[in-house]
Amino acid sequence: MTVSLGKDLVGLEHLSREQITAILDTAEPFKEVSERQIKKVPALRGKTIVNLFFEPSTRTRISFEFAEKRLSADTVNVAASGSSVSKGETLVDTARNLEAMRIDMVVIRHGSSGAAKFLGDRINSNVINAGDGKHEHPTQALLDMLTLRDRFGSIEGLKVCIVGDVLHSRVARSNIWGLTRLGAEVAVCGPATLLPRDVEQLGVTVFPRVEAAIEWADALNVLRLQLERMTSGFIPSLREYNRVFGVTAEKLARAPKDLCILHPGPMNRGVEIDSEVADGPHSVILPQVTNGVAVRMAVLYLLAGGSQDAGSSGSEMS
Ligand code: CP
């Protein structure tokens, strides 16, 4: 059965279990492309993709660019600082001018929640959300789920706790939507000041203490403290945060089983996660980054009209 994603990928909130599974399944054969000596397949030959990043990024921007190039698309990177956005040009005018040059897709990261949908509703090109404000970061959650599926075989019934600054986190929101849709049990843990009000209404359990979360979970997705999005007064100090909510080897040693450790990056080592854990045997932080390329290849490919079956049968892969 062919599953369509529609025109744009703005988030996971409105994707079905079948659509999310189709993306993860399509990513599987794309993993192998990145292991080849010549890391290229012709699937998006002739397509032009613009990566429009209004906020800093290392992993997302670079892995989208790798994904596009490995699919043989032509790509252009636009950063706000080097474009006419810095002279006051609006997002829509910028995108319409790019469309006038006959592009096919836009990957956008923006500081405002809703920016990707706003753009997708106004231009004909496919739009992919690479993170919009505190709203969603769908490809991050997809790569997190692919990594969990690699490690555990299935997401169904898995106990995943998202630890840290959930309030400011688009990664948390996309993970909550995606994981619950695939049948995981999801919890959040963090200081009350960094949890959204009524977070339980998203279908998650709340652990006020990280020790209790560690005892319950199969996997922890540890979030960065987003200091740049905080005004003041969310936490007493970074040292205090590490002592109470930091994921440390000492706290993990008391867990009844080995927990799989995820982090979307960039990490604040010694704040939300200690180096011993981040670099330890149960960390999948670098496999997450590797899977990011395959997931983004899958999203680009499916939005461009590729079928899941063609990807797995190999017809687009040689
Ligand atoms: N995880 C993530 O979005 O990282 P970047 O900000 O480096 O893209």
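Order of appearance sets the numbers: ligands from 1, and atoms from 1 within every ligand. Position 1 is the first residue of the sequence, and the numbers go up from there. Just the heavy atoms: all of them, side chains too, but no hydrogens, waters or symmetry mates, feed the values below.
Of the protein's non-hydrogen atoms, Thr60 OG1, 3.5 Å is the one closest to atom 2 (C) of ligand 1. Atom 4 (O) of ligand 1 has its closest protein heavy atom at Arg59 NE, 3.1 Å. Regarding atom 1 (N) of ligand 1, its nearest protein heavy-atom neighbour is Pro264 O, 2.8 Å. Annotation: atom 6 (O) of ligand 1 to nearest protein heavy atom, Arg109 NH1, 2.9 Å.
Of all atoms in ligand 1, listed by their number and element, those nearer than 4.0 Å to a heavy atom of Gln140 are 1 (N), 2 (C). Those atoms of ligand 1 with a heavy atom of Thr58 less than 4.0 angstrom away are 5 (P), 7 (O), 8 (O).
At least one heavy atom of His137 sits closer than 4.0 Å to an atom of ligand 1. Under a 4.0 angstrom heavy-atom cut-off, Gly265 registers as being in contact with ligand 1.
Here the rule is side-chain contact (heavy atoms from CB on, under 4.5 Å) with Met105, and of Thr75, Val299, Leu303 only Leu303 fits it.
Side-chain contact check for Arg181 versus Leu12: every heavy-atom pair is 4.5 Å or farther apart.
In this structure, a donor-acceptor pair under 3.5 Å is present between the side chains of Asn77 and Glu65.
For Arg96 and Glu99, the salt-bridge test fails: no basic side-chain N is under 4.0 Å from an acidic carboxylate O.
For ligand 1, the polar-atom distance check against Pro266 finds no nitrogen or oxygen pair separated by under 3.5 Å.
Hydrophobic cluster membership of Trp216, counting Ile, Leu, Val, Met, Phe, Trp and Tyr whose side-chain heavy atoms lie under 4.5 Å apart directly or via other members: Phe207.
With Phe53 as the aromatic partner, Arg109 does not meet the cation-pi criteria of under 6.0 angstrom to the ring centre and within 45 degrees of the ring axis.
Note on Leu5: it clusters hydrophobically with Leu71, by side-chain heavy-atom contacts below 4.5 Å among ILVMFWY residues.
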